[in-house]
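Throughout, a chain's letter reflects where its sequence line sits, starting with A, and its residues are numbered from 1.
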Amino acid sequence: MHIPDGFVSGPINAVAAVASVAALAYSLRKVKREFKDKDFAVPLMAVMAAFVFAAQMLNFPIGGGTSGHFLGAVVVATLLGPWSACIALAVVLVIQGLLFADGGISALGTNILNMGIVGGIVTYPVMRCLRAILPAGRGGYLASVAATSWFSIVLASSVCALELALSGTSPLGIALPAMAGTHALIGIGEALITTAVLSAVAIARPDIIPDWANLKVSEGATSTLQKATRGLTMAGLASAVALALFVSPFASGYPDGLEKVAEDKGFLETASEDKIVWTKSIFPDYKVQSIESEGPSTGMAGLIGTMAVFGFGFSVIRLMARPNIKV
Amino acid sequence: MKNAVPIIDVANLRFRYRDGMEALCGIDLTIHHGEKVCLAGPNGAGKSTLFLCLAGLLKAEGKIEIAGRAPDAKTPSPIGLVFQDADDQLFCPTVGDDVAFGPRNQKLPESEVAKRVAESLAATGLSGFEPRSAHHLSGGEKKRAAIAAVLACRPEILAFDEPWANLDARACRAVTRILKDSGQTLLVASQDLYHAADVCKRLIVLDGGKTVADGPMQNLLADKGLLEAHGLDYATRCPHCRQSAA
Amino acid sequence: MEHGFIDRYGNLDSCVHRLDARVKILSAFSFIILAVTTPPKHLLAFVIYAGLLLWTVALSRVPLWHIVSRAAIVIPFSAFVALGLPFLEGKETVNFSGIDLSVPGLWLLAGAVMKASLGVAALVLLVSTTPFNRLLEGLRQLKVPSLFIDLLALTYRYVFILADQAMRLRRAAQARGFRPRWLPQAAVIGRQTGHLFVRSYNRAERIYGAMRLRGYNGSMPAGPSTALSGKNVLVLTLAVATLVFVRLFAK
């Protein structure tokens, strides 16, 4: 998900950079105020960033020979709060950018926005909501964290796809199912790893987990987690299908709509040879014969593509839902 | 020079871990200025925990007076503690920065900082190591750099937690020399009685969070029964060292 | 230990290495920003950018392969752009094995690939000619907030140790026959990661203890800062002026 230079447009990179700087400044202030022993914040967040960096080196397979890696935003957010998560991720991204050339410098703000702000801060209220909805107790706690981890990956990758589309680099109809689809699987790995980390911490250092001591160990902890995981996977599949069915046809229309508005308001210079014009298009290899109008045809093609990805993953998901998850 | 007032004065020191386990069950300790004391004991005896309590990093119960004051979070401790794992103490970009860290925090002028850095590195045989980064150093060099970093603070008391652990023969000799040359009050926690006997004149044996023996090193070393009862062995030397005590 | 880190050559000696970090940082960042804002059709500009970069690489004595080999990271993202090519409507298309590819789309792809590669190359060169701690000091002197610099420095110090631990955990599992092929096996990786987390947290507490014992009070004390020498200012001015000139006039 690390965007290199040149793939996202200047204006988007600039806006994202400003947003990231503001978010970081705010996060640094909040963190210093929230820590009981505020001097501990610096070494702790540095080591957490180093942990995220190291953890991201452990790839896991998502099928078909491809692999994904851990993001870590939700783990840090759960244990240290959303502001620490944003800072830790930003530090990791700068280090990766400077030491690995992983992620372009001009896109640094965009990457921090996607992984630090969307991944660490935006998903935090989602987790609090889920905790309120799911049954109270340790199983519910872990389930809500698992679900949020999955969601953080899918959301961050979707935002990335949106940025690519708005930059004119790739049509939304391609970028979004591709990004969200693969990351829906990677998100499952993220959820598994996040849960495992919390379980390890619960055994070795329960004092780190906020409120852990107050949560009751309920009988149904394992089954709650399993139910949540199953629900998660169905939700993931359903959203990917919905995206493919409903968004793809409109993706081709979307930039047109944007341009039309821009023209009306006089923002866009007309007929620049560098301007890319998207069209309603037909997916080249898949012409669905029975459907004649172009919109549903693209949607169908997108759906087929998504199902192919998910079909493979689904068998994998079934394996995972077996009662093997230790809480 | 022995002072009438002990530099470390501890009575009935107790410490309990988060999970309830009692690590220190009433330790009494009196150490005078200039003494070189070894604290020995099996794993889990509480040596490291005791050091952390004396340094004020852990909050213990009982009477603790270090250089006349109780340890508290606000004032820096007069104890310079060298940890077992040198990597935990070398956290700056370069060795020079690490050794300068203490003096700079004491708000000394840059010239004095530079002087202390040079002296501390010379004392540990690391002159010229200022620009090196910690992760490129060998185990022995890291240990000596950590010692230099602590020495630069000019603490009144030096405390070493397993100083000879995981070092090769040359590094062991270097560390022994540093400890023998230091003029401060010295506390050494070590299972390695062989090296400790070379440096310390007094031995305190800890086991199960309690003091079980306290006396002149040579006397206690002769008591084989005592040593064996508490998991210690004078004959053991670290695997790399074949050198006899100087 | 080999991590694929790109700051391997930071301690070589060359006229580029000897420049002040601030000059190199500002030059590299200007290069990247200017290159990224150059329209793809200005091919001459890109050729000159590449030429300037190659010349600097030669001066710096950093092996060219080290710089070029990093550009491969562009490939996955380029695939996105490539996939979109058949769907663009442009005034001209070019026929490639039966598919109509739009020419504006091809320019888009070319632009993205050139910009990403140049960006990577410039960055790798920067980091290969400046030891990381000096790079951070340069950033601090360029007014990046000290707190963030402290974080970066501390993190950098410990990524090697933690990355080593992560690799060791993975090798230990491999030695026991663990070859992950299915997603559920991520659970094993999860346990390793959990292990790593607890050890990291414990280490953070020990580091904090060590810092406190040496008088830490919330901020890392910084060394003295120096003004830029005349020679450095000259190099910086020339570099930025050349880049701006190329950006504006090379088409």
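In this structure, the portion of Leu135(C) lying under 4.5 Å from any heavy atom of chain A is its side chain and not its backbone. For Leu58(A), the parts sitting under 4.5 Å from any heavy atom of chain C are the backbone and the side chain alike. Interface remark: Ile203(A) contributes no atoms to any contact with chain C (heavy atom separation under 4.5 Å). For Gln165(C), no part lies under 4.5 angstrom from a heavy atom of chain A. Only the side chain of Met211(C) comes within contact range of chain A, with at least one heavy atom under 4.5 Å from a heavy atom of that chain. When heavy atoms are compared at a cutoff of 4.5 Å, Ser200(C) approaches chain A by way of both its backbone and its side chain. Looking at Leu198(A), neither its backbone nor its side chain comes within 4.5 Å of chain C, counting heavy atoms on both sides. With a 4.5 angstrom heavy-atom cutoff, Leu152(C) touches chain A via backbone and side-chain atoms both. For Leu151(C), the parts sitting under 4.5 Å from any heavy atom of chain A are the backbone and the side chain alike.
A pairwise comparison of heavy atoms in Ala163(C) and Met57(A) identifies CB-SD, 3.6 Å as the closest pair. Taking each heavy atom of Ala54(A) and Leu196(C) in turn, the nearest pair found is CB-CD2, 3.9 Å. Nearest heavy atom pair, residue Val127(C) against residue Leu98(A), reads CG2-O, 2.9 Å. The shortest non-hydrogen separation linking Gly218(C) to Asp39(A) is CA-OD1, 3.3 Å. The two atoms that bring Ala49(A) and Thr155(C) nearest to each other are CB-CG2, 3.7 Å, heavy atoms only.
In terms of heavy-atom pairs under 4.5 angstrom with chain A, the leader among Leu154(C), Val120(C), Val113(C) is Leu154(C). For the set Ala90(A), Ala200(A), Pro43(A), Ala204(A), the count of heavy-atom pairs under 4.5 angstrom toward chain C peaks at Pro43(A). For the set Leu118(C), Ile161(C), Asn202(C), Leu126(C), the count of heavy-atom pairs under 4.5 angstrom toward chain A peaks at Asn202(C). Ranked by heavy-atom pairs under 4.5 Å with chain C, the list Leu24(A), Val42(A), Asn13(A), Leu44(A) is led by Val42(A). Among the candidates Gly103(A), Ala46(A), Gly72(A), the residue making the largest number of heavy-atom pairs closer than 4.5 Å to chain C is Ala46(A). Ranked by heavy-atom pairs under 4.5 Å with chain C, the list Val47(A), Val52(A), Asp102(A), Val75(A) is led by Val47(A). For the set Asn217(C), Ile207(C), Leu169(C), the count of heavy-atom pairs under 4.5 angstrom toward chain A peaks at Asn217(C).
Judged as a salt bridge (Lys or Arg N to Asp or Glu O under 4.0 Å), the pairs with a partner in residues 144-158 of chain C (not counting sequence neighbours) are, in order, Asp87(B)-Arg157(C), Arg140(C)-Asp150(C).
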Could you list the donor-acceptor pairs under 3.5 angstrom formed between side-chain atoms of residues 26-34 of chain C and any protein atom two or more places apart in sequence or on another chain?
unit_1   : atom_1 : unit_2   : atom_2 : d
Ser27(C) : OG     : Val23(C) : O      : 2.6
Ser30(C) : OG     : Leu26(C) : O      : 2.4

May I have the step-by-step check of side chain to side chain contact (heavy atoms under 4.5 Å, CB included) for Phe51(A) and Thr193(C), ending in yes or no? CA-CA 9 Å; Phe51(A) 159 75; Thr193(C) 311; 3.6 Å; yes
Decide side chain to side chain contact (heavy atoms under 4.5 Å, CB included) for Phe40(A) and Glu205(C); before the verdict, give the C-alpha distance in whole Å, the side-chain angles of both, and the deciding distance to 0.1 Å. CA-CA 8 Å; Phe40(A) 184 36; Glu205(C) 289 184 320; 3.7 Å; yes
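For the atom pair CD1 of Ile95(A) and OH of Tyr156(C), the computed distance is 8.5 Å after rounding to the nearest 0.5 Å. The line from CG of Leu108(C) to CZ of Phe7(A) is 8.5 Å long, rounded to the nearest 0.5 Å. Distance check: Asp5(A) CG to Met114(C) CE gives 13.0 Å after rounding to the nearest 0.5 Å.
Without hydrogens or angle criteria, Arg205(A) side chain to Tyr201(C) main chain gives no donor-acceptor distance under 3.5 Å.
Within the 4.5 Å cutoff, the side chain of Phe70(A) has no heavy atoms near those of the Ile189(C) side chain.
No more than 12 heavy-atom neighbours from other residues, nucleotides or ligands sit within 6.0 angstrom of CZ on Arg134(C).
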